Student: 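Have a look at the structure that comes next, please.
Quick caveat, the model's predicted, so the values are computed rather than measured.
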Amino acid sequence: MSIALAFAAPAVEPGVYNYPLEESTFVVVQAASAVIYLVMAYGLMGLWWSRVVPPSIFGSSGALAAAGSLVLLAIVHLVSIAAAGFVDTAPFVDILNASFGVVTAASGLSLVLGGIAIMRGRAWAGRGAYVPLIMGIYVFAPLIPALLGPIILARIAVAGWCVLFVVLGVALLKLARSGRTGRAQPTRGVLTPG
């Protein structure tokens with residue numbers, strides 16, 4: 001969806017919040033985006049259910065906060081429907097943009113923390129264990145910089161982030177099929193108390 005939107009012909013003038021989409025299309029896209037983020041949040045819960053997250057403060061809270069931040073991102077997408085037709089400089093649009101930024105950064109930070117904890121817990125062997133950390137790093141470079149740039153770069157970066165969620169899903173399916181899921185060991189050190 002993001003790639004198709006990147007090349008959509010503008011239906012409204014620049015400076016309108018729903019640019020380049022006309023209002024009814026914008027409503028459909030934002031509602032579909034909210035559903036997609038809820039599915040992605042459910043996918044992140046797979047980290048918890050697969051038992052690869054160590055029972056540490058940063059591991060548990062990182063995995064759960066990542067899923068929670070995507071639920072919040074879905075909510076912000078739904079709230080943004082109310083801004084269709086607003087000019088980009090409206091105070092409500094400023095609040096929405098700040099909300100998108102904070103929630104996106106929170107998802108990146110929680111994925112980084114959870115990803116580090118997963119790698120340190122060593123319950124998940126193989127390349128799949130790196131995916132949550134890579135997803136968190138991706139939020140800070142290139143996703144957030146692209147969101148601040150031209151709309152085409154933002155759409156492509158969001159599509160790339162969605163691809164990483166597919167990669168995570170495939171990795172979790174492989175892990176489940178291998179039968180090697182089990183509770184990660186508590187870690188001690190920089191990221192955990194004690």
Student: Holding to side chain to side chain donor-acceptor pair (under 3.5 Å), I want the full list of residues that pass it with S61, two or more places apart in sequence or in another chain.
Tutor: none
Student: Okay, side chain of N18, backbone of G85: is any donor-acceptor separation there less than 3.5 Å?
Tutor: yes
Student: Hey, quick one: are V170 and W48 part of the same hydrophobic cluster, counting side-chain heavy atoms closer than 4.5 Å, chains of contacts allowed?
Tutor: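 Different clusters.
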Student: Are L172 and W49 connected, step by step, through hydrophobic side chains (Ile, Leu, Val, Met, Phe, Trp, Tyr) whose heavy atoms are closer than 4.5 Å?
Tutor: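 Linked within one cluster.
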Student: Looking only at heavy atoms, what is the nearest atom pair of I118 and A129, with distance?
Tutor: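 That would be CG2-O, 4.1 Å.
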Student: Among residues at least two apart in sequence or on other chains, which ones pass side chain to side chain donor-acceptor pair (under 3.5 Å) with E22?
Tutor: S24, T25
Student: Using a 4.5 Å cut-off on heavy atoms from C-beta on, say whether the side chain of F140 contacts that of P145.
Tutor: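 Not touching, per the 4.5 Å side-chain cut-off.
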Student: Would V93 and V16 show up in the same hydrophobic cluster when neighbours are defined by side-chain heavy atoms closer than 4.5 Å?
Tutor: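 Unlinked, V93 and V16 end up in two clusters.
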Student: For the residue pair Y19 and F26, is the inter-centroid distance of their aromatic rings smaller than 6.0 Å?
Tutor: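 No; F26 has its ring centre 6.0 Å or more from that of Y19.
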Student: List the residues meeting side chain to side chain donor-acceptor pair (under 3.5 Å) with S110, not counting sequence neighbours, and say none if there are none.
Tutor: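 For S110, no residue satisfies side chain to side chain donor-acceptor pair (under 3.5 Å) once neighbours in sequence are set aside.
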Student: How far does CG of L143 sit from CD1 of I137, to the nearest 0.5 angstrom?
Tutor: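 With rounding to 0.5 Å, CG (L143) is 13.5 Å from CD1 (I137).
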Student: Among all residues two or more places apart in sequence or in another chain, which pass the side-chain contact (heavy atoms from CB on, under 4.5 Å) test with I36?
Tutor: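 If we apply the side-chain contact (heavy atoms from CB on, under 4.5 Å) test to I36, skipping adjacent residues, the hits are M1, M40.
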Student: Can you see which heavy atom on L96 is nearest to which on S80, and at what distance?
Tutor: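 In terms of heavy atoms, the two residues are closest at CD1-CA, 3.6 Å.
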Student: Determine which pairs satisfy side chain to side chain donor-acceptor pair (under 3.5 Å) with at least one residue from residues 83-100, sequence neighbours left out, and list them in order.
Tutor: none
Student: Going by ring pair (Phe, Tyr, Trp, His ring centres under 6.0 Å), name the pairs with one or both residues in residues 65-86, residues two or more places apart or in two chains.
Tutor: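 Found Y37-H77, H77-F100, F86-F92.
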Student: With a 4.5 Å cut-off on side-chain heavy-atom distances among I, L, V, M, F, W and Y, is there a chain of contacts connecting M45 to V39?
Tutor: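 The answer is no; the residues belong to distinct hydrophobic clusters.
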Student: Taking the side chain as everything from C-beta on, heavy atoms only, tell me whether L38 gets closer than 4.5 Å to V71.
Tutor: yes
Student: Minimum heavy-atom separation for S60 to P54, with atom names?
Tutor: OG-O, 3.6 Å
Student: Between the side chain of T104 and the main-chain N/O of G101, is any donor-acceptor distance below 3.5 Å?
Tutor: no
Student: Could you pull out all donor-acceptor pairs under 3.5 Å where a side-chain atom in residues 153-161 meets a protein atom, sequence neighbours excluded?
Tutor:
none

Student: Heavy-atom distance under 4.5 Å between the side chains of V12 and P20, does that happen here?
Tutor: no
Student: Within the 4.5 Å heavy-atom criterion, are W124 and L47 side-chain neighbours or not?
Tutor: yes
Student: Other than I151, what residues sit in its cluster of Ile, Leu, Val, Met, Phe, Trp and Tyr side chains whose heavy atoms are under 4.5 Å apart, directly or through others?
Tutor: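 Members alongside I151: none; it stands by itself.
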Student: Under the 4.5 Å side-chain heavy-atom rule for ILVMFWY, direct or indirect, which residues accompany V87?
Tutor: none
Student: Does V28 sit in a hydrophobic cluster with other residues, and if so which ones, taking ILVMFWY side chains as linked at heavy-atom separations under 4.5 Å, directly or through other members?
Tutor: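 None, because no other hydrophobic side chain comes under 4.5 Å of this residue.
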Student: First locate atom CG of L44, then atom CG of L111, and finally report the distance between them rounded to the nearest 0.5 Å.
Tutor: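 L44 atom CG to L111 atom CG measures 5.5 Å (nearest 0.5 Å).
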Student: Grouping I, L, V, M, F, W and Y whenever their side-chain heavy atoms are under 4.5 Å apart, do Y42 and L64 come out in a common cluster?
Tutor: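 Result: yes, single cluster for both.
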Student: Linking Ile, Leu, Val, Met, Phe, Trp and Tyr by side-chain heavy atoms under 4.5 Å, what else ends up with L78?
Tutor: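 L78 shares its hydrophobic cluster with V27, I81.
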Student: Could you note down all residue pairs passing side chain to side chain donor-acceptor pair (under 3.5 Å) where residues 132-144 supplies at least one of them, sequence neighbours left out?
Tutor: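 Matches after skipping sequence neighbours: none remain.
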Student: Against P132, only a single residue in I116, L168, V53, V52 fulfils side-chain contact (heavy atoms from CB on, under 4.5 Å); can you say which?
Tutor: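 Answer to the side-chain contact (heavy atoms from CB on, under 4.5 Å) test with P132 among I116, L168, V53, V52: L168.
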